[in-house]
2 protein chains.
Amino acid sequence: MKLSPTMQKYIVHWGEMGTRWGVNRTVAQIHALLFLANQPMNAEDIVETLNVARSNVSNSLKELQSWGLVKVQHVLGDRRDHFVALQDVWEIFRVITEERKKRELDPTLTVLRECAIEAENDTEIEAATRQKMDEVLVFLEMLLSGYDDFKHLPPSVVMKLLKMGGKLGQLVAIFGKDDDMAAK
Amino acid sequence: MKLSPTMQKYIVHWGEMGTRWGVNRTVAQIHALLFLANQPMNAEDIVETLNVARSNVSNSLKELQSWGLVKVQHVLGDRRDHFVALQDVWEIFRVITEERKKRELDPTLTVLRECAIEAENDTEIEAATRQKMDEVLVFLEMLLSGYDDFKHLPPSVVMKLLKMGGKLGQLVAIFGKDDDMAAK
DNA sequence: CCTTTGTTTCTGTCTTTACAGAAATTAAAT
DNA sequence: ATTTAATTTCTGTAAAGACAGAAACAAAGG
């Protein structure tokens, strides 16, 4: 597939960002390519377009499929697997967020809970230190349970909430003023 | 400084997670150590506690200071710099979020805007492709402006919003039903 | 002004990760 | 069943990043 200059720039950048997001460059590039492509591509197409090794494409596609960002699609009269990327931006965002949460937050939550238990029998630990670990744990639990609530909302609703943004905050600040102070 | 078993576990884990968060292990470990420590530590203390090279500590501290997660504190009668970590969990979260946004989202926004402009003169690009790039751009702009609104709210308010979570979404879903449909 | 102590920068090594190319496996078609 | 085409796994190499130790630098105290 021939890449227009703009597509090329987009794909290269997406690859660079990928490395910062914990995905390798090729995976991110392939994802960008398939997202922008207007027809299903087979592995060989991708190899030629991005100039990467066949094996690399194969592994990257497997990873993208495991994330649910790419799906196989068969083209009539062609034995080869063809691939298409999830096209809905909201859905892509949701998938990536969920995946990162799994890798970056959930393990921490697990360890923190273990620490909380072990701290009970840890004679050397200072009370203030234990207290701090606990604060982090409580914070994370609140954050993640909040996230769980929001992630099931339809995009249109989340969008509204985002657009209300600061306004909403002010509203809550006013209505909740009393127990806000109490909490403090 | 002597580490209790629990502290050790916490610090080691924080270091491991750091690597997944785009921070190097030592930086993350030092941050965890200073966060848990109940008194200011000098560089040499850190070297001994974590068994890392002096230079490594120096560079890591510099990075943590540049993020605003660690501050210098002088101890009476001691020439050496001592270091303390920001103790407020909310504040820590805010700093990290902001930093990651800077590294992971802002550059993408820039490139996307450039792409949008360049796509005007890109004769090879298909309309559908340009359209998709645009969708991503619009999405990101909305997300970031929403984030900007929220980040100025006091923790207590954000906490309330999080706790309201799904309830809040339902409320918005009901009240906004009409133009919700219209937006579709 | 020199010595001592603390801090930063530099250099080379080691570890990790990404990747290409080859070999092996699987699956479809004749 | 055999051949052909497609895909995956394996292995070695290359690149990137993290880190230790040494050397250079800076600053405070005598």
Side-chain angles (χ1 to χ4, degrees), chain A residues 11-34 40-67 70-84 103-104, chain B residues 1 11-34 40-67 70-84 100 103-104:
Chain A
I11 290 167
V12 167
H13 172 76
W14 204 252
E16 305 248 315
M17 288 325 273
T19 63
R20 302 197 190 181
W21 285 58
V23 280
N24 79 43
R25 189 177 294 110
T26 312
V27 171
Q29 285 183 355
I30 292 178
H31 177 240
L33 173 61
L34 289 176
M41 295 180 77
N42 63 47
E44 206 53 48
D45 290 341
I46 298 175
V47 167
E48 283 160 23
T49 309
L50 299 180
N51 285 298
V52 287
R54 189 56 235 287
S55 56
N56 200 2
V57 169
S58 177
N59 289 325
S60 302
L61 283 171
K62 205 161 64 172
E63 188 166 346
L64 286 167
Q65 283 174 278
S66 83
W67 289 23
V70 162
K71 287 216 170 8
V72 178
Q73 189 168 85
H74 284 284
V75 170
L76 199 73
D78 197 329
R79 275 168 65 175
R80 295 170 296 183
D81 285 349
H82 285 65
F83 301 90
V84 290
R103 286 187 303 169
E104 299 176 2
Chain B
M1 187 185 180
I11 290 167
V12 167
H13 172 75
W14 203 254
E16 305 248 314
M17 287 325 271
T19 63
R20 303 198 189 180
W21 286 58
V23 194
N24 79 43
R25 190 176 293 109
T26 313
V27 171
Q29 284 183 355
I30 293 178
H31 177 241
L33 173 62
L34 290 175
M41 296 180 79
N42 64 46
E44 206 53 48
D45 291 340
I46 298 174
V47 167
E48 283 160 24
T49 310
L50 298 180
N51 286 297
V52 288
R54 186 63 233 303
S55 55
N56 198 2
V57 169
S58 177
N59 289 325
S60 301
L61 283 171
K62 206 161 64 172
E63 186 165 346
L64 286 167
Q65 282 174 278
S66 83
W67 288 22
V70 162
K71 290 216 169 3
V72 177
Q73 191 167 85
H74 284 285
V75 169
L76 199 72
D78 196 329
R79 276 167 62 175
R80 296 169 296 182
D81 285 350
H82 286 64
F83 301 90
V84 290
R100 299 192 80 180
R103 289 185 302 169
E104 299 175 2

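Every chain is numbered from 1 and lettered A, B, ... according to where its sequence line falls, protein lines coming before strand lines. Note that the structure is a prediction, hence the values are computed from the model and not measured.
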Taking the side chain as every heavy atom from C-beta outward, state whether A:M41 and A:T49 have any atom pair closer than 4.5 Å. yes
When you measure from the side chain of A:R103 to the backbone of B:R20, do you find a donor-acceptor pair of N or O atoms at a distance under 3.5 Å? no
Residue list, salt bridge (Lys or Arg N to Asp or Glu O under 4.0 Å) with B:R80, at least two apart or on another chain: B:D78
Send over the distance from A:D81 CG to D:dT8 C1', rounded to a whole Å. 12 Å
What parts of residues 20-29 of chain A reach DNA chain C, counting only heavy atoms under 4.0 Å away? A:N24, A:R25, A:T26
Find the distance B:F83:CZ to C:dG6:C1' and express it as a whole number of Å. 10 Å
Measuring only between side-chain heavy atoms, which start at C-beta, is A:Q65 closer than 4.5 Å to A:L61? yes
Roughly how many Å is it from CD1 in A:I46 to P in C:dC19, rounded to a whole number? 14 Å
Once rounded to the nearest 0.5 Å, what's the spacing between atom CE of B:M17 and atom CZ of B:R25? 12.5 Å
Let me know the distance between NE2 of A:H74 and C1' of D:dT7, rounded to the nearest Å. 12 Å
What are the residues of residues 47-65 of chain A, sorted by number, that bring a heavy atom to within less than 4.0 Å of DNA chain C? A:N51, A:V52, A:A53, A:S55, A:N56
Value in whole Å for how far the C1' atom of C:dT4 lies from CZ of B:R79: 7 Å
Enter the distance from A:E48:CD to A:N51:CG here, rounded to the nearest 0.5 Å. 9.0 Å
State, with a plain yes or no, whether a side-chain heavy atom of A:T26 is found less than 4.5 Å away from one of A:L50. no
Within this structure, what is the CZ-CD1 distance for the pair B:F83 and B:I46, rounded to the nearest 0.5 Å? 6.5 Å
Can you tell me how far P of C:dT4 sits from CG of B:D78, to the nearest Å? 19 Å
Protein-nucleotide distance (B:E44, atom CD; C:dG6, atom P), rounded to Å: 8 Å
With a 4.0 Å cut-off on heavy atoms, is A:R80 in touch with a base, just the backbone sugar-phosphate, or nothing at all? sugar-phosphate
Determine, stepwise, if the pair B:D81 / B:H74 fulfils side chain to side chain contact (heavy atoms under 4.5 Å, CB included). CA-CA 6 Å; B:D81 285 350; B:H74 284 285; 2.8 Å; yes
